[in-house]
Protein chains: 2
Amino acid sequence: MKKNKKNPEFKKYKYSFAAVDLAVFAIIKNELNVLMVKIKYEPFKSKMSLPGGRIRTYESVDECAKREFYEETGIKNAYMEQLYSFGGVERDPSTRIISIAYMILINNRDINLKTTEKYKEIYWMPVSEVPKLAYDHNKILKYAVSRLKSKLTYTNIVCNLLPQKFGLSEMKKIYEIILSRELDKRNFRKKIFSLDLINEVGREAGVPHRPSKLYSFKKRSPMIVEIF
Amino acid sequence: MKKNKKNPEFKKYKYSFAAVDLAVFAIIKNELNVLMVKIKYEPFKSKMSLPGGRIRTYESVDECAKREFYEETGIKNAYMEQLYSFGGVERDPSTRIISIAYMILINNRDINLKTTEKYKEIYWMPVSEVPKLAYDHNKILKYAVSRLKSKLTYTNIVCNLLPQKFGLSEMKKIYEIILSRELDKRNFRKKIFSLDLINEVGREAGVPHRPSKLYSFKKRSPMIVEIF
DNA sequence: CCAAAAGTGTTGGGGATACACCCATGA
DNA sequence: TCATGGGTGTATCCCCAACACTTTTGG
């Protein structure tokens, strides 16, 4: 919406604020889940939204994302990546907020949240079941999912969705869930091994079938690797 | 730099502002050029920087980028893409500014700027000759160049650096300049034709050698196309 | 011995790369 | 006729996709 000095809405908002919004993903029960909060105040009271908050003047944007994430989940270290900034004038009806969206990935060992009283209403929700959200958060979530999909195919980002030790089928499953398509087992194994990303570190135990070998990533730092 | 309530620099800045910075590219004389302005005021007086400015409360972030670009160059329509937001606390020593960076591409027919008095000190400069800039603008420029390189290889973005009608060698030259490597002429032609992106629209005239066929893009809207 | 998931090789086709000569025009 | 850049085909290699059976364990 275009506004200028002739428009009565000019200076509808006296100030602009910057905020971060977080798309926090984990694979839970064979589904891609995202962290959602229930809003406590008007104008979106009791609607769902992505977690997030205002950027303080003394913290960098990255620090803000990290702090908000920690305050809401109790998790200190996680893979975090800035996605895109959403800056429509009307995205928040009560004030002018420019939001910088982040994607955060955590593995399924870390999904139990230590929420404080303040942040009690925070939930994991399968992305496929996310309802209409407050603000433009459906748009942000859609953007985040699409970034996640594409980064899976050309980086080692999957390591952030896996526990320290994992079987190859577990890894393949993550690709299948997020890319929504089945992969050929033999070709997948060939590809992953050829990239020389993982070390064998043991064997599974106590399963009622042939136990899988367990692997671990040699490096967990972000790298460009063509996978598909 | 981390700051908290115990730190004397807490609330050093009372407000935060959001701004856009523009990395405007064109191919000029077989080099990738970027638009630079000379800063008029302290603390970076007479240093060079990327063009840009504060976001107003009544305009979206995209609109701001478009307006700033128009005010500084007189150009109304150009390919524009948001890159990344830079949010370090200390990036501007005089106040807290979060900057949303954009890349803008223009073709070499449009490089003559209609600058007003206010924006007189604006220049094209080869990226290879860019000096140390104000703020964190070298970092922003580096990011923009790397995005441009990668997008060249998997989208049709090159159409924004070419005039309406162009020869295939002209197009190949752009790839070679930006990617900094030579390409095989026959393989390049094969690849481009196989993608079915362009139409033949005439022939060059008045050159002291065999005239090239001229082509035009069928669609100039952003598309994903694997080129290399 | 049965159920369940792990693990293992080969083949064919398509796209990428490497490479050298003739063509059309203006001066 | 010469200088300049435009335009053209083929052979090779490598990577990707398709595909089915055997192995190992717990119950």
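The sequence lines fix the lettering, A, B, ..., with proteins before strands; numbering per chain opens at 1.
- Remark: aromatic rings of B/Phe166 and B/Phe217 are close, center separation under 6.0 Å.
- The aromatic ring centroids of B/Phe193 and B/Tyr215 lie less than 6.0 Å from each other.
- Relative ring orientation between A/Tyr84 and A/Phe86 is described as perpendicular, the plane-to-plane angle rising above 60° on a 0-90° scale split at 30° and 60°.
- Look at NZ on B/Lys172: it is 12 Å from P on D/dG7, rounded to the nearest Å.
- With rounding to whole Å, B/Lys173 atom NZ is found 12 Å from D/dG5 atom C1'.
- Remark: A/Arg67 engages A/Glu71 in a salt bridge, criterion side-chain N to carboxylate O under 4.0 Å.
- Both A/Pro208 and A/Phe193 sit near DNA chain C, but only A/Pro208 has its closest nucleotide nearer the 5' end.
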Problem - nucleotides 13-24 of chain D: protein proximity per nucleotide (B base, S sugar-phosphate only, - neither; heavy atom, under 4.0 Å) - result: ---SBBBB--BB

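- Atom CD1 of B/Ile192 and atom P of D/dT8 are 15 Å apart (whole Å).
- For B/Phe228 and B/Tyr154, the gap between ring centers reaches or exceeds 6.0 Å.
- A salt bridge is defined here as a Lys NZ or Arg NE, NH1 or NH2 lying under 4.0 Å from an Asp or Glu carboxylate O, and B/Asp21 with B/Arg91 meets this definition.
- Of all nucleotides in DNA chain C, those with any atom nearer than 4.0 Å to a heavy atom of chain B start and finish, going 5' to 3', at C/dA16 to C/dG26.
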Practice task
Start with the C-alpha distance between A/Glu72 and A/Val24, add both sets of side-chain angles, then the distance that settles side-chain contact (heavy atoms from CB on, under 4.5 Å), and finish with yes or no.
Solution key: CA-CA 11 Å; A/Glu72 310 215 31; A/Val24 185; over 6 Å; no

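- Residues meeting the salt bridge (Lys or Arg N to Asp or Glu O under 4.0 Å) test with A/Lys66, sequence neighbours left out: none.
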